[in-house]
**Student:** 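Just dropping this structure here.
Numbering of ligands and ligand atoms starts at 1, following listing order. Excluded from the calculations below are hydrogen atoms, water molecules and symmetry mates; all remaining heavy atoms, backbone and side chain alike, are included.
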Amino acid sequence: MVKRMIACCLLLVLALFGCTETKNTQYYMMDTVMSFSITGENAIAAERAIADRVAQLETVFSPTREDSELFRVNENAGSAMEVSRDFANLLALSLKASAETQGAFDVTLGGAVELWAHGKVPASEELEAQVTGSEKISLFENTLQTQKGLKLNFGAVAKGYASDCAKEILEEYEIPRALLSLGGNIYAHGEKEDGTPWNIGVRDPWGEAQDWLGILTARDEFIIASGDYERGFEEDGVRYHHILDPKTRRPATSDLRETVVVSQNGSRGDILSTALFVMGEEKAVAYWKNTRDFEMILVSSDGRVLITPNLKERFTLTKDSYILEVIG
Ligand code: AMP
Ligand code: MG
């Protein structure tokens with residue numbers, strides 16, 4: 001009898017407190033380390049759905065997997081072809097972004113990206129021979145035709161798009177709180193259990209990974225960073241990073257080392273973090289002044305940290321070697 005009562009009490013306790021759980025996972029997908037921390041009654045199912053969706057997006061946008069849709073599209077350049085809804089959506093968005101950023105973001109740089117991925121400086125003739133330019137693409141609904149030789153690359157936006165898809169899944173599964181990191185792309189969903197916002201570290205571009213120059217608070221937002229410290233290689237004592245200036249097809253000689261965009265939309269945040277880096281400080285600040293629908297942190301190569309005014313109360317500089325400036 002007593003045993004049965006204890007068992008009933010235990011079941012009651014489990015029913016009351018056992019339903020909310022946190023699922024923490026790590027994956028290597030889309031060529032980067034991803035970590036998900038998801039809390040809620042449906043955490044396990046939501047985590048599975050997100051991991052599956054990201055894995056599926058990798059089969060669409062991977063530039064290197066020979067079984068990806070992008071690989072097939074690049075192989076078939078010159079002929080008309082049908083593309084998936086994800087592909088058409090992200091390409092349409094990318095072409096619009098290319099026009100809006102005056103070509104700083106350019107989804108047609110695939111050939112040049114491939115040349116730089118070999119870990120040595122490509123020959124100038126090879127770089128110049130690449131076919132690039134949005135005007136060489138026609139997309140009508142799901143029908144795509146690109147000019148022969150043109151190669152698309154979604155490296156600057158696919159992880160942001162994946163984080164938008166992950167956000168939709170969190171909402172669908174009614175997840176109250178989660179922190180997702182897709183490489184440099186963070187999505188902070190809800191807030192911490194104690195009702196305070198998430199704290200997101202902003203990387204010190206002169207430091208190692210996990211070395212922060214400041215902390216940003218965030219609720220229901222994407223925080224997306226680009227920087228010259230991420231990928232690249234050294235040749236004859238010169239470092240070559242992975243963000244290309246579409247005009248030269250070479251690593252952008254930016255006066256910025258890092259750009260962080262805070263946005264309500266992951267794809268847009270990812271596009272902008274790359275584009276602002278290419279633009280450099282002056283054009284990036286002018287771009288923000290014209291649009292003002294996102295927040296940003298720019299780390300200049302002379303050690304200044306520029307923040308938009310709305311981040312004043314939300315950003316704390318933790319390294320005194322930097323000078324903090326609020327954009328006017
Ligand atoms: P991110 O890390 O988001 O800044 O994206 C950089 C990646 O996007 C690179 O590794 C390339 O695959 C690709 N990429 C480089 N430069 C550009 C550019 N100017 N526009 C669009 N994609 C780019
Ligand atoms: Mg990007």
Side-chain angles (χ1 to χ4, degrees), residues 29-34 57-58 61-65 68 70-71 74 90-119 122 127 130 132-134 137 150-164 181-187 202-203 205 209 222-233 239-254 256-263 265-280 283-284 287 294 296-299:
M29 288 193 286
M30 294 183 135
D31 210 17
T32 192
V33 177
M34 302 199 173
L57 287 172
E58 184 173 334
F61 295 114
S62 168
T64 48
R65 278 177 58 164
S68 77
L70 175 62
F71 201 88
N74 285 343
L90 194 54
L91 179 57
L93 196 81
S94 299
L95 293 173
K96 206 167 141 240
S98 191
E100 275 170 14
T101 62
Q102 289 167 347
F105 172 85
D106 186 348
V107 79
T108 71
L109 283 175
V113 169
E114 232 174 78
L115 289 175
W116 284 101
H118 295 148
L127 276 176
Q130 299 307 311
T132 66
S134 302
I137 298 175
L150 187 135
K151 284 188 177 173
L152 297 167
N153 180 289
F154 294 92
V157 63
K159 290 193 285 279
Y161 183 73
S163 63
D164 281 328
S181 166
L182 292 80
N185 296 14
I186 307 276
Y187 173 55
V202 174
R203 168 132 180 208
F222 296 87
I223 300 97
I224 300 195
S226 286
D228 64 10
Y229 48 81
E230 267 177 48
R231 287 162 205 255
F233 62 89
R239 198 182 128 73
Y240 297 89
H241 62 76
H242 70 131
I243 303 174
L244 305 182
D245 182 342
K247 288 201 187 93
T248 62
R249 301 169 185 185
R250 293 169 187 280
T253 51
S254 182
L256 297 173
R257 289 215 58 198
E258 180 179 6
T259 51
V260 180
V261 172
V262 182
S263 167
N265 181 285
S267 308
R268 180 162 157 76
D270 202 358
I271 285 169
L272 285 180
S273 66
T274 309
L276 297 171
F277 184 95
V278 173
M279 288 177 195
K283 285 190 181 152
Y287 184 88
F294 64 96
M296 66 179 184
I297 302 173
L298 307 177
V299 184

**Student:** I'd like to check Asp245 versus Pro251 (side-chain heavy atoms, cut-off strictly below 4.5 Å). Are they in contact?
**Tutor:** no

**Student:** Is the shortest heavy-atom distance from the side chain of Leu256 to the side chain of Val299 under 4.5 Å?
**Tutor:** no

**Student:** Carefully, step by step, assess His241 and Phe277 under the rule ring-ring contact (aromatic ring centres under 6.0 Å, His included).
**Tutor:** CA-CA 12 Å; His241 62 76; Phe277 184 95; 5.4 Å; yes

**Student:** Is the shortest distance from a Lys or Arg side-chain nitrogen in Arg231 or Asp31 to a carboxylate oxygen in the other one below 4.0 Å?
**Tutor:** yes

**Student:** Would you call Leu244 and Arg250 a side-chain contact if the rule is heavy atoms closer than 4.5 Å?
**Tutor:** no

**Student:** Report whether any nitrogen, oxygen or sulfur of Val157 sits less than 2.8 Å from the Mg ion (ligand 2) (N, O or S, backbone or side chain).
**Tutor:** no

**Student:** Out of Met279, His242, Lys247, His241, who is nearest to atom 2 (O) of ligand 1 when you count heavy atoms only?
**Tutor:** His242

**Student:** Heavy-atom contacts under 4.0 Å between Asn153 and ligand 1: side chain, backbone, both, or neither?
**Tutor:** side chain

**Student:** Among all protein heavy atoms in this structure, tell me which lies nearest to atom 20 (N) of ligand 1, with the distance rounded to 0.1 Å.
**Tutor:** Asp106 N, 2.9 Å

**Student:** How far does CZ of Phe71 sit from OG of Ser62, to the nearest 0.5 angstrom?
**Tutor:** 9.0 Å

**Student:** Once you round to the nearest 0.5 Å, how far does CZ of Phe105 lie from OG of Ser134?
**Tutor:** 9.0 Å

**Student:** Rounded to the nearest 10°, what angle sits at the Mg ion (ligand 2) between O of Asp270 and O of Ala156?
**Tutor:** 90°

**Student:** Just jot down the ligand 1 atoms closer than 4.0 angstrom to any heavy atom of Glu230, in number order.
**Tutor:** 2 (O)

**Student:** For atom 1 (P) of ligand 1, what is the closest protein heavy atom, and at what distance to 0.1 Å?
**Tutor:** Thr274 OG1, 3.3 Å

**Student:** Under 2.8 Å from the Mg ion (ligand 2), can any N, O or S atom of Thr274 be found?
**Tutor:** yes

**Student:** Check Val113 against ligand 1 and report side chain, backbone, both or neither, counting heavy atoms closer than 4.0 Å.
**Tutor:** side chain

**Student:** Please report which non-hydrogen protein atom sits nearest to atom 23 (C) of ligand 1, along with the residue it belongs to and the distance in Å to one decimal place.
**Tutor:** Ala156 CB, 3.9 Å

**Student:** At under 4.0 Å between heavy atoms, which part of Pro246 makes contact with ligand 1: side chain, backbone, both or neither?
**Tutor:** side chain

**Student:** Does the distance from a Lys or Arg side-chain N to an Asp or Glu carboxylate O, for Arg65 and Glu58, drop under 4.0 Å?
**Tutor:** yes

**Student:** To which protein heavy atom is atom 16 (N) of ligand 1 closest, and what is the distance rounded to 0.1 Å?
**Tutor:** Leu244 N, 2.9 Å

**Student:** Looking at CG of Leu57 and CG of Leu182, how far apart are the two atoms once the value is rounded to the nearest 0.5 Å?
**Tutor:** 10.0 Å

**Student:** Given Gly269, Ser226, Gly227, identify the one with the heavy atom nearest to atom 4 (O) of ligand 1.
**Tutor:** Ser226

**Student:** Using a 4.0 Å heavy-atom cut-off, which part of Leu109 comes near ligand 1: side chain, backbone, both, or neither?
**Tutor:** side chain

